[in-house]
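Sequence lines set the chain letters: A, B, ... in the order given, protein chains first and strands last, and positions in each chain run from 1.
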Amino acid sequence: MGKGIPTREEDYSGWYNELVKKADLAETSAVRGCMVIKPYGFSIWERMQAELDRMFKETGHTNAYFPVFIPKSYMSKEAQHVDGFAKECAVVTHHRLKNAEDGSGVVVDPEAKLEEELIVRPTSETVIWNSYRNWIQSYRDLPLLINQWANVVRWELRTRLFLRTAEFLWQEGHTAHATEQEAIDETEQMLEVYATFVEQFMAVPVIRGLKTPSERFAGAVETYCIEALMQDGKALQSGTSHFLGQNFARAFDVKFATRDGGLEHVWGTSWGVSTRLMGALIMAHSDDNGLIIPPRLAPTQVVIIPIFRNEEQHSAISEKVMEVKISLERLGVSVKYDDRDTHKPGWKFAEYELKGVPVRLAMGPRDLENNTVEVARRDTLEKQSMELDETFPQKIAGLLDQMQTDIYNKALEFQQDNTHKIDDYEEFKRVLDEEGGFVYAHWDGTDETEAKIKEETKATIRCIPLNAEAEEGKCIYSGKPSQQRVLFAKAY
RNA sequence: CGGGGCGUAGCGCAGUCCGGUUAGCGUACCUGCUUUGGGAGCAGGGGGUCGCAGGUUCGAAUCCUGCCGCCCCGACCA
């Protein structure tokens, strides 16, 4: 493509990195591992937030906000939790700077050392459950259904824009329930909310499943996840929903009086999706010309570009375009009219292609004369001339719906074409090495086998699929009996 | 933390081996004219602590020493 972005074929990760930057989604910052999300990238994230937030509220959740700092002692209250996160925590040790005595700048004031260090939250279970102790007294206080939109910090060794950054934006739901079953139902419900969002808005098909014990969230009894397949054949974990059992309730002593006068620990869940979804969106659909954004998430669904030689033509076209714009907006379509005379039409065509605007309308003197407009769709790059009659707005709205479906179906077809059922370990290794994709294979259920396979193939068990058919088989590695196939892939 | 690579204009790079005019090219930016149905053309213009600090030298982007930062590959991870 024109702007020096490598093709996917040449250099997939180079393509991804350059696309993120050239499409104005994000850039690296002065702080190692942290990104600046630029206005266009953030507007897509805001579309995701808006739809997810609506879905959370429809399922009874309310938003709240908890502190970015966690007292160090909280982290160690749940033993597995601290094991999972200890290695990647940013720690605040002082609260003041002072001028250096040699005039070289500012230094940390040793006098200002904190009594107890503060951890910059890598996730908020501990600080939230500490509050829940006071919020929950009785079965009447349950269920407690809270969501938080926040930033978190995990000191990752190697980072990539959106896919893995030291600081990232996400939402984290934290709920408390009177019964185990109700908490499990909540965990499963939120997994389904995520799957629905990713499939219906992001147009990315996902596999719903359970993590193996080794991949489970630190402190969870069970971790549910959705896994998506990217164009390079690698899997991306796109959302997780955890059943916490009574682990955090015990760690933070959160008990409630039951209806019959007893005193019990509450049952918890937590669930989250992050700006990593931006990475999934980019990698699932985009091509060598730039981004492809599904209409339901596109900040701008239709861009209109005028083609004119003089001011007279410009104003005549603008007048017509305004009518079209209003008629589309009436149907809920978001429209941008770009009549800047600082860039030529060809430049704008390339620019909006790079940014993935789903539909482009171009109107020039010829169109004005014939009462037509050129309609180009981003996903297929097809162009056609359409009559500007009273059915036109409906046709564009219909086209956007069609594109949403087509983009999903293309991704689904790719996923199906790259999903294999394999029973022979040599074939298993060959496919993962040469072709990538999802591989369904039998597993004996042990950590040892999982670790060995990871060591030998770099592939991990992405999940134990939900609703899979029971099937007698033999573990692909050990040959021991297995009741069900699990999903293997190399992952981000 | 191990291995490799790189720091020169907003971005992408050449120049460094072998020290020597005023540090150069593409792109982007500014001005003007011509252009405008797929990233325009011509002319003119602005923009540089050559990563930082020290050293060698008449003279350092270039040689020496030390430091810093970034990227890629591994281990860790949403």
Given the [atom1] atoms of [N] and [M], what is the spacing between them in whole Å?
N: B:G44; M: B:U27; atom1: P; result: 15 Å
N: B:G48; M: B:U35; atom1: C1'; result: 34 Å
N: B:C25; M: B:A9; atom1: P; result: 14 Å
N: B:G45; M: B:G4; atom1: P; result: 47 Å
N: B:C63; M: B:C17; atom1: P; result: 5 Å
N: B:G24; M: B:G69; atom1: C1'; result: 25 Å
N: B:G3; M: B:A40; atom1: P; result: 48 Å
N: B:C50; M: B:U31; atom1: C1'; result: 29 Å

Complementary nucleotide of [N], counting Watson-Crick and G-U pairs under 3.5 Å:
N: B:A60; value: none
N: B:G24; value: B:C13
N: B:U31; value: B:A43
N: B:C67; value: B:G51
N: B:G38; value: none
N: B:G74; value: B:C1

Touch class at under 4.0 angstrom, heavy-atom based, for [X] against every strand present:
X: A:Leu163; value: base
X: A:Phe168; value: base
X: A:Thr240; value: nothing
X: A:Gln237; value: sugar-phosphate
X: A:Thr165; value: base

Expressed in angstrom and rounded to an integer, what is the separation of [X] atom [atom1] from [N] atom [atom2]?
X: A:Lys21; N: B:C70; atom1: NZ; atom2: P; value: 14 Å
X: A:Asp24; N: B:G10; atom1: CG; atom2: P; value: 18 Å
X: A:Tyr492; N: B:G74; atom1: OH; atom2: P; value: 12 Å
X: A:Asn151; N: B:A78; atom1: CG; atom2: C1'; value: 15 Å
X: A:Lys454; N: B:G74; atom1: NZ; atom2: P; value: 13 Å
X: A:Arg216; N: B:A78; atom1: CZ; atom2: P; value: 14 Å
X: A:Glu18; N: B:C13; atom1: CD; atom2: C1'; value: 14 Å
X: A:Lys22; N: B:U27; atom1: NZ; atom2: C1'; value: 11 Å

Heavy-atom closest contact (A:Trp155 atom, A:Cys89 atom, distance): CB-N, 4.5 Å
Is the terminal nitrogen or CZ of [X] (NZ for Lys, CZ for Arg) located under 6.0 angstrom from the six-membered ring centre of [Y] and within 45° of that ring's axis?
X: A:Lys234; Y: A:Tyr492; value: yes
X: A:Arg154; Y: A:Trp170; value: yes
X: A:Lys211; Y: A:Tyr224; value: no

I want to know whether A:Tyr132 and A:Phe248 have ring centres closer than 6.0 Å. no
Step through it carefully: locate the ring centre of A:His61, locate the ring centre of A:Trp271, and say whether they are under 6.0 Å apart. yes
Mind checking the OH-OG1 spacing from A:Tyr477 to A:Thr457? Nearest 0.5 Å is all I need.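 One finds 10.0 Å between OH of A:Tyr477 and OG1 of A:Thr457.
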What distance do A:Trp15 atom CH2 and A:Ile5 atom CD1 have between them, rounded to the nearest 0.5 Å? 9.5 Å
In numerical order, the residues of residues 75-88 of chain A whose heavy atoms come under 4.0 Å of RNA chain B are none
Taking 4.0 angstrom as the limit, do A:Lys348 and A:Glu351 come out as a salt bridge? no
Aromatic plane relationship, [Y] with [X] - under 30° parallel, 30 to 60° tilted, over 60° perpendicular:
X: A:Phe308; Y: A:His314; result: parallel
X: A:Tyr74; Y: A:Phe252; result: perpendicular
X: A:Phe56; Y: A:Tyr194; result: perpendicular

Scan nucleotides 29-38 of chain B nucleotide by nucleotide, 5' to 3', and note B when protein non-hydrogen atoms come under 4.0 Å of the base, S if they reach only the sugar-phosphate, - if neither. -------BBB
Would you tell me if any nitrogen or oxygen in the side chain of A:Lys458 comes within less than 4.0 Å of OP1 or OP2 on B:A75?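 For B:A75, OP1/OP2 do have a side-chain N/O of A:Lys458 under 4.0 Å.
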